[in-house]
Amino acid sequence: MPTPTEHGRPDPETTTLARSRDGRPVSDRGDTVCVIGAGASGLTAVKNLAEHGFGVDCYERETGIGGAWNWRHDRSPVYASTHLISSRPFTQFPDFPMPDDWPDYPHHSQLLSYFERYADHFDLRRHIWFGTEVVRVEPVEDDRWDVTTRSTGGYGPERTSRYAAVVIANGHNWSPKLPRYEGLEQFRGEVMHASSYKDPAQLRGKRVLVVGAGNTGCDIAVEAAQQASHCWHSTRRGYWYAPKYVFGRPADQVNDTLLALRVPLRVRQWLYHRTLRLTVGDLTRFGLPKPDHRVYETHPIANSQLVYHVGHGAITPVPDVGRFHAHSVELADGRQIDPEMVVFATGYLPRFEFLDAKILGDDEGVGRPRLWLNAFVPDHPTLAVAGLVQPDSGVFTLSHWQAVLFARLLRLRTTRPERAAAFANRVRAGAGERYSGQVKDSTRHWFEVGHADYLRALERALRDLEGK
Amino acid sequence: MSERTIERVRIMRSWEWARPVRPVRREVLSATPELEEGQPLLLFVPGFGHGAWAYAEHWLGHAAERGFPAYAVSPRGHGGSGPAPEANLRAYAHDVVQVAAGLPRQAVLVGHGAGALVVAHALARYPARAAVLVAPVLGGWATFGAALRRNPLGTLPAVFGGRLRLSRRQLFSRELPDADARRHAARLGRAARRAQWQLLTGADPEPAVGRPPVLVLGSPDDRVVPSSALTRAARRYGSAPLLFPGMGHDLMLDARWREPIDAILDWLVKHPARDDRG
């Protein structure tokens, strides 16, 4: 298998045709497309662009593929027990299924081996420059892009290459979001974000407060219930805790049976509520707050064990944190608790530090780009963001189709420019569109999409792009 | 690069997601060259009633001798794979895609008989490097008519869920020694009822992903697939069929088995992996 050192490295000496704005040499990579990141979304972008005949240079800051799903990476958020939340059929790439004898909800290490196999099967590594981070991405004339890279960690010289298009696939689950609390600096106990939580041994024998009821927060609360001497679980509101299995089948497969039957949302919500009522039961009896919303209005939590451990008294559900004192935490209802350790499972925010925030329409620089289909950038037809979605199922299927759509768009820019122009108008008109039902307003739901709504919109976009 | 006709891509597969095919033990036979030469890797898919054994007889070894890693899968209910009396075409295509995705490189899918239809379905779910359809039975009423005319006793029971039975004279030319023909015929099994019915009633395969080049070959003297069907199948993929006169339906078992497999391997060597790879 060829390795990146053997051929094709963008080399300023031989191909320099242009200079950047500040006069540095730029190596022109012609029609080649640049992909930033070799995680799941980056890999599928590389594979689909290559499949559509494009040359691809992919830059990966780490030395391996897999991005967030590679536990060796310092930006990886996975912990020892991370399992998938969505079952296999919703998680795999649509044209490269996971082995059918794998469990319904594979472990993160299986997922990494799946990506390794994907990369080997389609010979993707020859496109990837490992240990290389992207410093700057700047638009230049003719909708092309200057991408400046250097060795990860800032060693070595910077080099700039010019690309026909750029796919940003740098992930959105690596930059921790830490809420501010009064008195947190004075708190004498241990404080960590879930991103640095790796192993339940970290919790053993301690009094632990877990903040946040995302899937990670619930997983950590469940592990704390088994390892810590006590666990408080603080949530902003009541949630629906969906079991991973209903009627002996993965819950998302049951849900999609209803979607396949085109059952309307309201009916699905009613059925969902009925099912939870019959299986999980009345959560307020466990001391959990009553959900203030209907299901499908917050990101789904798939956790069969949380309620069970609450029932064992191993998890004490508590409301939002009010403020911190040196040795205690005051809750929103005035109660005082005395944890030794606080784990903030408060999520992540996307960051595109190599790109001017305005390019993505994020004028305030808060990390919320204004895109169409969560991927296409108004007025920048050769730029796409891959995998910036938080679906109620797996991300990778969605990233795959984003990449296919982008590859076909790039091809049509040369063969049928009028179609590409129509697409650009569509992007401008549709920027900021949402692909889910009503969701609670929170940074957590910025990128929330319903997988069926989203994929249908993508299917329409693909057919409009190529239609007769 | 020539633009082919616009194909409607299908993204939503709610039923398939909601009802994944169950896993089954799958028999995979293989022959790999002693020295890895980077030649394309082949995955052979047998037709109804046949198993991977049909390829293990001659073609696997011959491909490996010429430097091509060669694998053959028995779809569920066939050969040495686990039983599956309720299987349908989707389950067979699933078996093919599962095995293909488990191979070290992108595979060339080679399907024979109704296995070619299975391959056509698999192509919509796996970006094969190329595809070869050997004496393809792509289903439809015309095939049924031909089968009924030529072999009414073997065909009619299948209408009622019985076994689709092909005679030795349909499968092999007279050049094949009778003992061999008898031996092969004795190994034939059957496909599941639902899969047999789907030859008539099943939906057309969806467009292939990744635009693989497709080769169609067969024999004008095939007593299962009329040459008009060969031409039709080839036209569907924008080419003309490669013909091997004087051979029976089972090109991989017939006396002159060497000619078609050599033609396939030559085509793979000459043909670029994809028309616009760059």
Side-chain angles (χ1 to χ4, degrees), chain A residues 1 31 47-48 50-55 86-90 92-102 104 114 117-118 120-123 249-250 252-262 393 397-398 400-401 404-405 408 411 415-416 451-452 455-456 458-460 462-463 466-468, chain B residues 1-26 36 38 40-41 76 82 91 93-107 122-129 206-212 272-278:
Chain A
M1 195 175 62
D31 292 333
K47 181 243 170 209
N48 284 301
E51 195 173 285
H52 283 78
F54 291 97
S86 53
S87 71
R88 257 190 304 109
F90 298 92
Q92 63 206 4
F93 294 118
D95 58 355
F96 190 75
M98 292 185 194
D100 59 2
D101 56 355
W102 275 14
D104 291 323
Y114 171 67
R117 285 218 345 252
Y118 185 74
D120 290 339
H121 195 86
F122 297 107
D123 196 8
R249 299 183 52 75
D252 51 3
Q253 296 180 14
V254 174
N255 183 46
D256 257 54
T257 310
L258 299 178
L259 280 175
L261 295 168
R262 301 255 175 185
S393 75
T397 311
L398 279 57
H400 167 91
W401 290 112
V404 169
L405 181 54
R408 298 198 175 185
R411 208 168 57 189
T415 56
R416 311 276 302 273
H451 72 283
L455 288 174
R456 285 206 184 100
L458 224 152
E459 194 171 55
R460 266 196 307 277
L462 199 54
R463 288 178 180 176
E466 303 199 319
K468 275 136 275 210
Chain B
M1 186 199 78
S2 64
E3 280 293 324
R4 294 206 190 130
T5 44
I6 301 299
E7 292 169 323
R8 277 170 84 83
V9 177
R10 177 141 169 244
I11 293 181
M12 289 301 290
R13 296 190 197 279
S14 297
W15 274 121
E16 293 185 19
W17 298 331
R19 300 257 140 206
V21 177
R22 288 196 177 208
V24 70
R25 177 171 44 81
R26 279 183 288 266
E36 175 63 65
L41 183 154
R76 55 189 65 204
H94 167 90
D95 288 338
V96 172
V97 173
Q98 280 285 320
V99 173
L103 296 174
R105 309 200 285 278
Q106 246 175 311
L123 288 178
R125 284 153 178 78
Y126 169 77
R129 191 187 159 113
E206 290 168 32
V209 291
R211 292 174 307 134
R274 205 168 277 118
D275 41 11
D276 54 358
R277 194 164 246 207

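Every value quoted in this text rests on a predicted model; they were computed, and no experiment measured them. Residue numbers begin at 1 in each chain, while the letters A, B, ... track the order of the sequences.
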TODO: In sequence, state the C-alpha distance, the side-chain angles, and the governing distance for H121(A) and Y126(B), and then conclude on ring pair (Phe, Tyr, Trp, His ring centres under 6.0 Å).
DONE: CA-CA 12 Å; H121(A) 195 86; Y126(B) 169 77; 5.6 Å; yes
Contact origin within [X] toward chain A - heavy atom pairs under 4.5 Å:
X: A124(B); result: neither
X: R10(B); result: both
X: R26(B); result: side chain

Any side-chain heavy-atom pair from [X] and [Y] closer than 4.5 angstrom?
X: F90(A); Y: Q253(A); value: yes
X: L259(A); Y: H451(A); value: yes
X: H94(B); Y: R76(B); value: yes

Open item on the list: If you count heavy-atom pairs within less than 4.5 Å of chain B, which of T257(A), D31(A), V254(A), D252(A) leads?
Closed with: T257(A)
If I measure from the heavy atoms of chain B, does [X] come under 4.5 Å with its side chain, its backbone, both, or neither?
X: R117(A); answer: side chain
X: L462(A); answer: side chain
X: R249(A); answer: side chain
X: P94(A); answer: backbone

Open item on the list: Salt bridge or not between E51(A) and R211(B)? Use side-chain N to carboxylate O under 4.0 Å.
Closed with: no
TODO: State the CZ-CD distance between R416(A) and E466(A), to the nearest 0.5 angstrom.
DONE: 9.5 Å
